[in-house]
2 protein chains.
Amino acid sequence: MSEREKIAGRLKEARVLSGLSQAQAATKMGLQRPAITEIEAANRKVSAEELLQFADLYKVNTSWLLGEEVLDGDETEEFQFAARELSKLKPEDIKKVFDILKILPK
Amino acid sequence: MSEREKIAGRLKEARVLSGLSQAQAATKMGLQRPAITEIEAANRKVSAEELLQFADLYKVNTSWLLGEEVLDGDETEEFQFAARELSKLKPEDIKKVFDILKILPK
DNA sequence: AGAAGTGGTAAGAAAATATTACCATGCAAA
DNA sequence: TTTGCATGGTAATATTTTCTTACCACTTCT
């Protein structure tokens with residue numbers, strides 16, 4: 001399954017879940033309805049700008065639309081904690097932390 | 001400043017920071033060099049799939065390329081920097097950093 | 001100076017997208 | 001049932017975008 005098909009599927013899923021018809025989505029996106037049909041059939045590319053628009057319209061993350069790994073709640077908590085703690089360090093010290101990480105057993 | 005110009009600027013910034021010439025980036029992306037030039041000049045759109053490819057090649061987040069806030073909440077430069085570095089890691093490695101930081105004195 | 005690497009740009013060819021229209025299906029009201 | 005309407009798929013061709021190739025200017029080496 002191609003990236004395009006995966007993105008297409010998520011765009012359709014997001015649209016349906018947001019309760020919009022292709023025609024309504026097209027209007028809000030400033031596109032013709034067939035464009036939505038083709039996008040959801042993976043026959044038409046989606047530009048980076050359109051991706052942002054779609055994410056806004058359908059109320060989803062661009063990362064999710066792109067099929068990237070989404071951190072679950074637990075990991076998000078830890079991620080934010082780690083980032084917050086790291087941000088208290090100087091950039092050079094942050095580098096040191098990452099260097100330590102590289103030495104740690106896998 | 002349009003979304004396209006913002007994305008274009010970040011793509012250029014990411015490429016330069018990753019130490020690649022336009023020609024090298026083009027080869028890795030499966031594009032002709034002028035395409036990179038035009039993309040970075042905001043004269044050519046970037047597809048969602050290309051965005052994923054660029055993020056992989058330049059080792060940055062698609063969210064960052066799209067100009068989205070990496071995390072809501074903290075806004076400091078240091079936090080953004082730390083978060084960006086963290087986001088390059090695998091989830092399991094983020095956990096390791098998290099564990100290290102928990103041990104550190106406050 | 002010459003050679004090589006870089007990035008910008010132009011022109012015609014090729015490909016993708018837009019526009020408009022028509023079709024089939026499903027569904028609810030008359 | 002039949003009519004009307006909403007929905008989504010698709011075809012034809014006009015339009016726009018992108019690709020390809022080439023040439024240019026500028027810089028950095030030797």
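Labels below follow one simple rule: chain letters A, B, ... track the order of the sequence lines, proteins then strands, and each chain is numbered from 1.
B:Thr27 pairs by the side-chain contact (heavy atoms from CB on, under 4.5 Å) definition with nothing, not counting sequence neighbours. Every residue meeting the side chain to side chain donor-acceptor pair (under 3.5 Å) condition with B:Lys6, not counting sequence neighbours, appears here in chain and number order: B:Glu3. Residues satisfying the side chain to side chain donor-acceptor pair (under 3.5 Å) test with B:Glu5, not counting sequence neighbours, are B:Ser2. Take B:Glu13 and apply the side-chain contact (heavy atoms from CB on, under 4.5 Å) test, not counting sequence neighbours, and it matches B:Leu17, B:Trp64.
Screening residues 22-56 of chain A for ring pair (Phe, Tyr, Trp, His ring centres under 6.0 Å), with sequence neighbours left out, gives A:Phe54-A:Tyr58. Within the structure, no pair that satisfies the ring pair (Phe, Tyr, Trp, His ring centres under 6.0 Å) test touches residues 1-44 of chain B, not counting sequence neighbours. Judged as a ring pair (Phe, Tyr, Trp, His ring centres under 6.0 Å), not a single pair has a partner in residues 29-50 of chain A (not counting sequence neighbours). Listed by first and then second residue, the salt bridge (charged side-chain N to carboxylate O under 4.0 Å, His left out) pairs that reach into residues 17-35 of chain A come to none, sequence neighbours excluded.
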Enumerate, atom names and distances included, each donor-acceptor pair closer than 3.5 Å involving a side-chain atom of residues 39-48 of chain A, sequence neighbours excluded.
{"unit_1": "A:Glu40", "atom_1": "OE1", "unit_2": "A:Arg15", "atom_2": "NH2", "d": "3.0"}
{"unit_1": "A:Glu40", "atom_1": "OE1", "unit_2": "A:Gln22", "atom_2": "NE2", "d": "3.2"}
{"unit_1": "A:Glu40", "atom_1": "OE2", "unit_2": "A:Arg15", "atom_2": "NE", "d": "2.6"}
{"unit_1": "A:Asn43", "atom_1": "ND2", "unit_2": "A:Glu38", "atom_2": "OE1", "d": "3.3"}
{"unit_1": "A:Arg44", "atom_1": "NH1", "unit_2": "A:Glu50", "atom_2": "OE1", "d": "3.3"}
{"unit_1": "A:Arg44", "atom_1": "NH2", "unit_2": "A:Glu50", "atom_2": "OE2", "d": "3.0"}
{"unit_1": "A:Ser47", "atom_1": "OG", "unit_2": "A:Glu50", "atom_2": "N", "d": "3.1"}
{"unit_1": "A:Ser47", "atom_1": "OG", "unit_2": "A:Glu50", "atom_2": "OE1", "d": "3.4"}

Close N/O contacts between protein and nucleotides 15-19 of chain D (under 3.5 Å):
{"unit_1": "D:dT18", "atom_1": "OP1", "unit_2": "B:Lys45", "atom_2": "N", "d": "3.2"}
{"unit_1": "D:dC19", "atom_1": "OP1", "unit_2": "B:Arg44", "atom_2": "NH2", "d": "3.0"}
{"unit_1": "D:dC19", "atom_1": "OP2", "unit_2": "B:Arg44", "atom_2": "NE", "d": "2.6"}
{"unit_1": "D:dC19", "atom_1": "OP2", "unit_2": "B:Arg44", "atom_2": "NH2", "d": "3.2"}

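Interatomic distance, A:Ile36 CD1 to A:Leu11 CG, rounded to the nearest 0.5 Å: 8.5 Å.
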If a protein heavy atom is under 4.0 Å from the base, mark B; if only from the sugar-phosphate, S; if neither, -; do that for nucleotides 2-8 of chain C going 5' to 3'.
----SBB
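With axes fitted over five pairs at each extremity, the angle between the ends of the helix from C:dA1-D:dT30 to C:dA30-D:dT1 is 30° (10° resolution).
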